[in-house]
Asker: 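Just dropping this structure here.
Proteins get letters first, then strands, A, B, ... in listed order; numbering begins at 1 in each. These numbers come from the heavy atoms of this one structure, side chains and all, not from hydrogens, waters or symmetry mates.
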Amino acid sequence: MAVPVFTLQLNHKLLPGRITIGKYDGSHSCLTAATTADKVLIHSPHRRLGSASQISGATTWSQVNKEISLLSVNRNVSAICAGRLHPELEQDILVVGTPSSVLAYNVENNKDIFYKEVVDGANVIVVGNLSGYEYPLALVGGNCSIQGFDYKGNDPYWTVSGDNVRSLALLDYDLDGENELIVGSDDFDLRVFKEDVMVGETSETEVATILAPLRGSKMAYALANGTVGVYNKLHRVWRVKSKNRAVSVLSYDIDGDGVEELVTGWSNGKVDARNSRTGEVVFKDNFNSSIAGLADGDYRLEGRSQLICCSVDGEVRGYDPSRLGTLMEGNVHQDAVRELLQKKQALLMELKNYESNTRSSGVQQSMNAGMIPAKTSLQTTVSINLGSKPKGVPHVELCLATNNETIIRAVLVFAEGIFAGETHVVHPRDEELTSTLKVELLPPRDVPLDIHIKALVGLPRTEQFHVFELTRHLPRFSMYTLTSVSEPLLDELPTNFVSFNISERVQRVILWINQNFLLSSELEPEAGGGSLSLSFIALRDGSPLNISMHSAGRVVISTSSMTLAGDLVQSLASFLNLSNLQVTAEFPDELAHLGEWLEKVSNLQEVRIQLGADLAHRAGLVRNLIVRAEDARLLPDLSSMREWHSQLREVNDDLINSYNIRCSNHNELLEILKQINLTIQKAARLRVGQNKADVVNLSRSALQNNNLHSLLKIVRTGEA
Amino acid sequence: MDLELTRVDYSLSGITVSHTMELLPAGGPRQTQKVVIGDQDGVLQSFSMKRGEQQMVFKTLPGPPISQVCLGGATGTIKDKIFVSKKGDVQGYTKKGKIFLTFDTCLAEPIKSMHVSGSTLLLSGNTVYNQFRDCEDTGSFLSGDVINDIISLPAEKTHSLVPVLACADGVLRVLDGAELESQCRQSRGGSTRGAGPQSPRAAALRHEVRIPSAPTALHMSRQDGGESGQDVLFGTADGRVGVLSVTRNTAPQWRWLLDEERPGAAVSSLHCYDLAGDGEEDLIVARDDGSLEGTALSLSRRRAARPDRHAPAVPQTCPESVSSARGGVLNTQGYDEVVVSTYTGLLFGLTTERADGVSAMDSQTVSLSQDTRRRLQALRADLDGLEEKVAAERDRYLAAAENGNTLLSVVPHLSVNHKMSLIREEAAYLLTLEAATAIDNVLVQCDVPVDVLDVDRNSAVVSFSDCGPESGNKALVTFRCQMNTTRLELRLRTVEGQAGLLRVYVTPLVAPKCAALRVLSIPPLSLHARTHAAGPGDPGDRPYSTLTLRGPFSLAEVHAWLAACLPDVAAKPPAEPPAAPLCFQNACTGTVLVCSYSRGEAEFKSDNVSTISILKDCLSKLATRRSIHLDISCAVNPLSGPHAVRLMFPVLREQAALHRDLALLEALRDLDRETLAPKFLAILDNERDIRERHKRHPAYLDRLCGMLVDLYVDHHKFRGANARSRAPALLDAVHKAPLDGLLEALLRFFEDAGAP
C-alpha cells in the first residue's frame, strides 16, 4: 500500500472520467473536474492572493475554499480537456464539451475563445497536434463523427466512424514524429486515422471506453467490461480483466525507473500501476469511493510531476516516485519471497501429481475415482447446423467427442462478445451424459473469433474430471452457409451489389473464401475456368449473399446489406494487400433512405426554428401573466388573481408540451444525423485507401451544400 | 494496543488443518522458539529461523495425514514433548525429533482431536470421546453430536480430570474423568449389573452448556485457565468468542461473550500471548476467512480476563484461511510475533519488528534486507531444480499419454475444502471454496432456482450463462479467478420448498489440469437453522400448527428423513429414545419448527403453515419412496398465519419502505431542494445509505413477497380454499398500501376467505 505525498478534499461530487489538469497561467498546474451540479471546478492551490477581486464573469470563486473556482456550464458536462490549443499563447486552454456544444475557455483571462454548437454531441475531447494540420486541434468525438476545432473555432478536421465515439487518443502510431488519431467506438472497433485516411483497424471484444498514449507507439486501453491492456501499434501486448470497470487510465512513472507505468483508476476505488511491458502490478492504493480520474502535474512546485488521483467524493491524493522507491523496497522482497513460495507450491503439487500418476497407473483398478484411459483424446468439429427441429434456429455448431467410453460432464466455452457473459456453459442432465456434446454458437457480429474450450471429461459417476483445454478459431464469416457453386451469369445484374476489378487470379479469391467462411469442405481452385459464382445464405436472417468473379478480374458481391458488403470488401482487400480500391455500389434501398433522411433533416430544422419562436413567445406570455397576477395580489383582487393564475397554468402546460415536442424533435434529428453519418461510413467502407477517405470528404461537402444528387453519386461511384 | 505488525513469510508445508502448529517453549523470556508443524501429507517438521534462514531440526517421512499436534509433558515439567495424531495412531516425539511413543489406539474412528494432560491422553473421533492413562484405556463417552474439539482443565490446578467437549449441536459438554474411569473399571471387572445405559452416562456428564452456535475451537484462557484454572475460551462456527468458567461440581458460569456474529468466519484457533509487551496477555483469534485479531485482555483481580471493548484490536487478513496461530518469538530474539499457518501450508509471522519504513537506516535492518536477498537466491535455486524435475516428469507423462494403450491416466486427488454457512441476517448461504493451489475457475451449477451472488471481496470475474428451459439447469455461473486466488466465496440465496443439488466444479491451476466436483444438497427447508429449545426471550405462546405422522417406521428412518429435509441434522440418529426435540428457526421470518419423534410416531410443530406444508409434502414423498404407509394428520392453528405475518412484518416494512424511497430518489433529485418537505429531504440526505442497503440485499423484497404469497396460499389451502388467484392483490398491497396501515391490510388477507 502506498503512502500519498499529499491529500486534500475538494468537497464537491465529481463526475467519473471527466478530470483534467492544465497550466492555465503557463506555469502552475490546476486540477480541473466536472461536478455533478453541471459545473466545472478549477482547483488552483498556487493562485496568487488578492487576484480574486479582479476575476469576475463566468467563474465564481468559492467563498468557503479560496483555492476553488467554479465555472457554471448549466448543461451536463460530457467531456473536458485542457491543452495548448492556442499556438501563440504559452497557456493551456480548457475545452468543455456538453451533449450539444463545445466551449473553449481561457481560464487565466476568464474569456471564452469560442463556443460552437455540435449536433453530434461531444462524448470525448482531446487537445493536441495532429499530423497534417498546422495548428493544434481540439478533437471532439460525438455520435459517429469526429470534428477537429482550431483556436479560432474553425473545424478543419471532420471524419466519420462506425458508431458513436467513446474514446480518442493522439499517438505517434507509425513513429514518424507526428501524431495520429486513435478512435474507439460503440461498435467495439479501434481505428487509426492518419490525417483523414484510416491506416489501421482492429476489433475488440467490448466498447473501448478509454485510450491513453504510452511511450512510442504503445497505447493503453480500457474496455467497458473491465479489461485493461496495452497495444503496441495494433498488436496487443497484454491485457488483464477485472470485475470492476476502469474509469481512468494514465501513463506515469511511479517507481522512478525511467519507464512509464500504466496507472488505472477503477470504479471500486482501487488505483494500481502496472508495468507497461508485462502488466505486473508495481503499486496500488484504495479509495473509499469510485475513482473519478487521474492526472499528472506538478502540484508541489518541486520541479517534477506527481500522480494525482481524485475520487468521485472529491478526495484527492498525490503520489510520487521518491517516497515510493524506498517504501517499496522491503515489501518487494517480502512479496518476492511469497511469490516464490507460491510457485514452489504449485511445482511441488504438479510433481506430486505426476508421481501419483505413475504410481497408480501400474496398479490397475486403483480406488482413485478420477481416471480415464491415457489415450483419451477430444475431437472437435465446427460446422453449420441449419436447425432441423421446428424450434431450432440455424446456428454454428461446435461438436465435441471423446474417442472412448468416457463422458463429457460439462463444457465451458469462453469467448468474448458472443455470449451474454464471457462464458457459455453446457451442463447436460445426468441421464443424458454421453461421449459427445454439442454447443450452439450464434456470433452476433462478423468478426474472427477465438473460442477457448474447457471440457470436463471422466468416467461416468466420478467426482474428479480431467480438463481438456483447447482453442478453436471461428472464421470471420461463419454465419453464412454455402448453398451452390456455379458459373457466373454475365448479363444479369442484381439490384443490390458492389462490383470492382482486381488484378488477381481466381485461386487467390478461393483461398480467401476458404479462410474466411465456414465450409463443409474446402473449395478446390478450379484448374481451367477463371471464374466462379458462390451463393450463400445468412444464418441470422436467411438473406442471400452472392460472390462472383469473372475471368477478367471483375468481382461482384451482391447483398442487400451495405455493412456486410463493406466487411467483405475490407477483408478481401487486406487479404490481397490492396492499397487502393474503387468500387461501383448499387444499394437503391439504402440510398432511397438517404434522400428521405435529408428531407427530414431540413423539415426538422424548420420545425425547430418554429418551436424556438413559439417558446420565446410563450415565455413572454408567462412573464406578462406573472406580473399581472402579482399586481392583482398586491391590489387584493383575488378573483382576477385566480384568473391570471389559471391562465398561467394553461400557458405553463403548453410550454411543457412544446418542450416535449422539441425534445422528441431533437432526438429524432440526432438519430437521423447518426444514420446519415453511418451511411457515409458504410459507403466509405466499400472502398479502400485514398478512395475511402475521398468518399468521406466529398460527402461532407455535399452535405454542407445539401446536395442530395451529388451525395448519391458519391455513394454509388466514390467520385463527385 | 497500538501495534504495527509486518508480515514475514517463512516456509511451506503440505495442507494443514486446524491445531497442527505449535511453538516449542523458549529457553528464556523472549528467546527464539522452534516451530513444529504437521501437515496432511503426514510430514512433521520442526525448525527455527536464524537470520531469515530456515534451520531444520527434524522432518519425518510422509505418512497418514496429521490431524492434530499437541505439546505435553509430565505434570510439573516443561511441556516440550510433541504429540501427533494420525488416523488411529498417536506418536510422541522429543523436541530433537526422537520418537519416544508409538501408540495404536485401536479406535474405530480416526482421531480428530487430541489433548494431552500430564500422562493422560484425551482423544476424540467423530462422536466418541476416549481417555487413556499411560496408554491404557480408562474410559469413553458417546456424544450426541460431532465433537469438534476437546480440552481438559489443567490438572496442576484442579487436581482432577475434567474434559470439555465442543460439540457441533452448540453444546459444551463437561465430563467427569474420574467417573468415566470408575465405570470403565467396573465394566472390565465383569460386574455388568443391569444398570440402564443412560445412568452411568448421565453420571459422567456433569454439565451441558448451550452456546449460541457450534463451537469449533477451545483454549484455556491465558494458557492455564486463569488463577484457578477454570476459564475456558471457546470460538464458534459463526465467529463468536467467549469465556466460560467451568468446574467439576458447580454449574458453569459465563464470564463474557463477544456476541458479534460473523458468518463464514469460524474461529479456527485461539491463543493467549503478551504481544504488546505490556505485561497483559492478548487474545489472538484466527479465523477461517483468513482474518486474524489480537485483542487486549484486561486483567482484573476478581473477574476473569475480559477483552477491553475499547482497546483497538489488531486486525490482519490474509487471502487464505488460517489453520493455526500462535504468539511467540520465532525470527528475531526480542521481537514478539504471531506465527500463522494457513490451509495451503504457508507459514508466516506477523512480527513487531519493522522490516522497512522510516527507521530503515540502522544497520540491523540493512542486514535484514541482505538476509532476504540471500533467502531469495536460495529459493530461486531451489525452484530451478524443481522446475527441471517437473519438466522431465511432464515429458514422461505426455509420452505415456501417447503410446500407453492400456494405461490409465489418473487425476490426483484434489484437496478442495468447502463450507456452507447460513448468513442469518441475509437469509442466504455463504459458500466458501478453498484449494491447495491457485484456482483457475469455478463452475457452479444448480437444478433448482438459486440466486448466486458475488461477494465484494472476490476479484474473480463472474459470468452468468443462459440456462435453456430444456437443459434442466436453473443456474450456471462461472467464476474466472485472478492470479493466486486460493479461496473463493460466494453467496447463495435459496427458496424454501425448492430442494435440489448444487454442483460445484473447481479447477485448480495445476498441470495436468483437472477439476474436482463437490455436490451439495439444498434441503427443502434450507433457511432453517438449528437452535436450542425455546430459549429466554422467546415468546412461549406461539400459535403452533401441528403435523403428526404415524406409521411403521423406525427411529433411524424418521431421523434420516429429517436429515434430508433440514440442514445441520447429525448423520446418526439419537442414541436413546426419547430424544430431546430438535428445534429450528427460520432465518428469514423468525418462525420456529420443533421436531419430536420416536419409533412409529413423529410430531412437528411450527408457527408457520408454509413450513408445515413443505414438510408434509417432503415427508410423504420420502415415505412413499420406501413404500411405507403413513398416517398423516394436520392440525392447523388459524392464528399461525397472521402470527407469521407479524413476525415477518418488521423486515417486510423496512424493505417496502426502502423500495419506495428508492423509487422516489430519482425524481427528487431533479427538484429544488428548498421547496421539499423534510420527509423528502431526509430521503435525499440518506441517498447513499439507501443505495447501499439496496445493494447489500438486492431483490430482498421480492423474496419476502414470495414467502408471503406462499404463506398466504398455504394458510388458505389448509382451510380448503384456493387463494392463489388473489395473490396479486396481496402483492399490490405490499407495494402500494400506506406503510402505517400495511400490517392491518396484510392481516385482512389472512382472515376468512370472504374478506378482500
Asker: Considering non-hydrogen atoms only, spot the tightest contact between A:Glu422 and A:Phe419 and give its length.
Answerer: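 Distance-wise, the nearest heavy atoms are O-CD1, 4.0 Å.
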
Asker: Which atoms of B:Thr344 are under 4.5 Å from chain A, going by heavy atoms: the side chain, the backbone, both sets, or neither?
Answerer: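 For B:Thr344, the contact with chain A is made by backbone and side chain together.
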
Asker: Does this structure show an ion pair linking B:Asp382 with B:Arg380, if we count only N-O contacts that are shorter than 4.0 Å?
Answerer: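 No, this pair does not count.
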
Asker: Contact between A:Leu412 and B:Asn441 at the side-chain level, heavy atoms closer than 4.5 Å - yes or no?
Answerer: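 When only atoms from C-beta onward are counted, B:Asn441 and A:Leu412 do touch, with a gap below 4.5 Å.
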
Asker: Pick one of side chain, backbone, both or neither for B:Val510, based on which atoms fall under 4.5 Å of a heavy atom in chain A.
Answerer: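 The side chain, not the backbone.
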
Asker: Of the backbone (N, CA, C, O) and the side chain (C-beta and beyond), which part of B:Ala460 lies under 4.5 Å from a heavy atom of chain A, both, or neither?
Answerer: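 For B:Ala460, the contact with chain A is made by the backbone alone.
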
Asker: Tell me which of these, B:Thr437, B:Val390, B:Leu443, has more heavy-atom pairs under 4.5 Å with chain A than the rest.
Answerer: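 Among B:Thr437, B:Val390, B:Leu443, the one with the most close pairs to chain A is B:Val390.
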
Asker: Can you see which heavy atom on B:Pro319 is nearest to which on B:Arg487, and at what distance?
Answerer: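 Looking at all heavy atoms of both residues, the shortest contact is O-CD, 3.3 Å.
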
Asker: Looking at A:Phe465, does the NZ or CZ of A:Arg409 lie under 6.0 angstrom from its six-membered ring centre and within 45 degrees of the ring axis?
Answerer: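 So A:Arg409 doesn't make the cation-pi contact.
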
Asker: Measure B:Asp447 against the heavy atoms of chain A and call it side chain, backbone, both or neither at under 4.5 Å.
Answerer: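 Contact with chain A: none, neither part.
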
Asker: Among B:Ala436, B:Ser459, B:Gly345, B:Ser13, which residue forms the greatest number of heavy-atom pairs with chain A at distances under 4.5 Å?
Answerer: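 Ranked by contacts with chain A, first place is B:Ala436.
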
Asker: Do you know which of B:Thr478, B:Asp466, B:Val477, B:Leu509 has the most heavy-atom pairs under 4.5 Å to chain A?
Answerer: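 So the answer, after comparing B:Thr478, B:Asp466, B:Val477, B:Leu509, is B:Thr478.
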
Asker: Kindly determine whether B:Asp689 and B:Arg691 satisfy salt bridge (Lys or Arg N to Asp or Glu O under 4.0 Å), including the steps that lead there.
Answerer: CA-CA 5 Å; B:Asp689 180 50; B:Arg691 288 195 191 280; over 6 Å; no

Asker: Relative to chain B, which segment of A:Leu347 carries a heavy atom at a distance below 4.5 Å: side chain, backbone, both, or neither?
Answerer: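 It is both, since atoms from each part get that close.
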
Asker: Give, as side chain, backbone, both or neither, the part of B:Leu383 having an atom under 4.5 angstrom from any heavy atom of chain A.
Answerer: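 When you check distances to chain A, atoms from both the backbone and side chain of B:Leu383 fall under 4.5 Å.
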
Asker: Measuring heavy-atom distances to chain A, does B:Phe348 have an atom under 4.5 Å in its side chain, in its backbone, in both, or in neither?
Answerer: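 Neither part; nothing is under 4.5 Å.
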
Asker: Pick one of side chain, backbone, both or neither for A:Glu432, based on which atoms fall under 4.5 Å of a heavy atom in chain B.
Answerer: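 Neither part.
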
Asker: Is the A:His424-A:Phe414 ring centre distance short of 6.0 angstrom?
Answerer: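 Ring-ring flag for A:His424/A:Phe414: false, centres at least 6.0 Å apart.
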
Asker: Which residue in the set A:Thr402, A:Asn403, A:Thr406, A:Asn404 passes side-chain hydrogen bond (donor to acceptor under 3.5 Å, both in side chains) when paired with A:Thr376?
Answerer: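 Testing each of A:Thr402, A:Asn403, A:Thr406, A:Asn404 against A:Thr376, the sole residue satisfying side-chain hydrogen bond (donor to acceptor under 3.5 Å, both in side chains) is A:Asn404.
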
Asker: Answer yes or no: does atom NZ of A:Lys241 have more than 12 heavy-atom neighbours from other residues, nucleotides or ligands under 6.0 Å?
Answerer: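 Yes, the 6.0 Å shell around NZ holds more than 12 heavy atoms from other groups.
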
Asker: Highest number of heavy-atom pairs under 4.5 Å with chain B: which of A:Val426, A:Asn268, A:Leu456?
Answerer: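 Of the options given, most contacts go to A:Leu456.
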
Asker: So which part of B:Arg394 gets closer than 4.5 Å to some heavy atom of chain A, the side chain, the backbone, both or neither?
Answerer: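 For B:Arg394, backbone and side chain are both near chain A.
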
